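Remember, predicted model here, so these are calculated numbers, not experimental data.
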Amino acid sequence: CLYCPRQHECPGRTQLARTAVANLELATGQESPMTPARAAALYPQLQLVEKIAQQCRFAIRSVIEVSGAQPLGDGRELVLEESHREDIVLAEGLDAICATLHTDRWIEIAPALKVIKTRLLDMVAERAQRGQKGKAKEALMDALREAGAIETTTIKTLAIRRIEKEIADV
């Protein structure tokens with residue numbers, strides 16, 4: 001189904017989505033309380049609805065990108081808005097930053113800087129000798145941990161995983 005070109009018009013997928021949405025609508029009602037077991041049972045259906053919604057959003061976005069704004073009929077229109085995010089390229093802007101802050105010391109501007117871990121580790125891997133990339137990355141991470149340069153943030157996400165069966169001692 002995932003790669004089927006007719007997935008947006010498949011009757012089986014449509015019925016599956018309708019059932020999932022109906023179950024989720026029932027779950028949000030006052031008549032049936034959300035129990036832990038019910039929440040766990042509904043989560044895969046929620047994932048399905050989210051996936052279908054994501055695919056639908058992508059399809060709608062593609063159509064609006066090609067055809068332009070479309071009226072909704074209630075005085076509003078669906079448009080593809082463009083916004084911009086500015087990122088500072090430190091290598092190019094360091095002189096301007098230091099001049100503005102009247103300093104030439106990295107430590108004074110460090111609180112405003114953020115290192116992207118994956119990019120840094122990619123750079124380490126690029127410079128490491130063949131067969132030593134993993135060791136070089138781990139060495140850097142160990143050194144950063146030892147220096148107290150790692151801040152850990154805990155992120156909780158819902159996930160579905162297999163239950164590991166306990167093996168009884170025989």
Side-chain angles (χ1 to χ4, degrees), residues 1-8 10 12-13 16-17 20 24 36-37 39-68 78-170:
C1 287
L2 180 62
Y3 302 106
C4 176
R6 295 194 55 210
Q7 66 176 311
H8 63 281
C10 172
R13 186 174 170 91
L16 190 61
L24 293 173
L42 287 172
Y43 188 69
Q45 293 179 10
L46 174 63
Q47 287 181 306
L48 173 64
V49 170
E50 287 175 336
K51 185 172 191 145
I52 292 170
Q54 182 183 22
Q55 291 169 343
C56 187
R57 181 173 283 112
F58 178 78
I60 290 170
R61 179 188 176 96
S62 298
V63 168
I64 297 302
E65 192 166 15
V66 170
S67 64
L78 180 61
V79 299
L80 190 60
E81 288 186 342
E82 192 173 285
S83 61
H84 302 277
R85 185 186 80 198
E86 293 181 328
D87 293 322
I88 297 170
V89 179
L90 186 60
E92 303 296 324
L94 185 58
D95 289 341
I97 293 168
C98 289
T100 302
L101 295 176
H102 307 291
T103 186
D104 60 353
R105 296 183 35 179
W106 275 92
I107 197 70
E108 292 182 30
I109 61 172
L113 304 178
K114 181 177 180 177
V115 175
I116 299 170
K117 180 182 170 186
T118 53
R119 287 189 190 164
L120 178 62
L121 292 177
D122 287 346
M123 290 171 64
V124 169
E126 287 173 9
R127 289 169 173 78
Q129 293 180 0
R130 182 181 169 119
Q132 299 298 311
K133 295 178 185 210
K135 288 180 182 177
K137 293 193 289 189
E138 192 56 42
L140 172 62
M141 291 305 296
D142 288 344
L144 291 172
R145 284 185 194 96
E146 191 173 311
I150 301 291
E151 291 180 358
T152 302
T153 304
T154 302
I155 301 168
K156 293 184 178 184
T157 58
L158 290 172
I160 295 176
R161 64 177 183 204
R162 292 202 183 283
I163 298 173
E164 294 182 22
K165 296 181 181 177
E166 294 181 19
I167 300 173
D169 293 330
V170 180

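In this structure, Met141 CE and Glu138 CD are separated by 7.5 Å, a value rounded to the nearest 0.5 Å. To the nearest 0.5 Å, atom CG of residue Leu120 and atom NZ of residue Lys137 are 10.5 Å apart.
Applying the 6.0 Å contact sphere to CD1 of Ile88 captures no more than 12 heavy atoms from other residues, nucleotides or ligands. Applying the 6.0 Å contact sphere to CD1 of Ile107 captures no more than 12 heavy atoms from other residues, nucleotides or ligands. Crowding of Arg145 atom CZ: a count of heavy atoms from other residues, nucleotides or ligands under 6.0 Å exceeding 12.
Comment: Arg119 does not engage Asp122 in a salt bridge, judged by the lack of any side-chain N to carboxylate O separation of less than 4.0 angstrom. Ion pairing between a basic and an acidic side chain is recognised when a charged N comes within 4.0 Å of a carboxylate O; Glu50 and Arg57 show no such pairing.
A heavy-atom distance below 4.5 Å is found between the side chains of Lys117 and Leu121. Using a 4.5 Å heavy-atom threshold, the side chains of Thr103 and Ile97 count as separate. Put simply, the side chain of Leu101 does not reach to within 4.5 Å of the side chain of Glu108, judged on heavy atoms.
Across Lys133 and Ala128, no two heavy atoms sit closer than the pair CA-CB, 3.9 Å. In plain terms, the two heavy atoms of Ile60 and Leu78 that are nearest each other are CG2-CD2, 3.7 Å. For the pair Cys98 and Ile109, the tightest heavy-atom approach, listed with the atom from each and the gap, is SG-CD1, 4.5 Å.
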Step-by-step side-chain contact (heavy atoms from CB on, under 4.5 Å) determination, Gln45 to Leu42: CA-CA 5 Å; Gln45 293 179 10; Leu42 287 172; 3.9 Å; yes

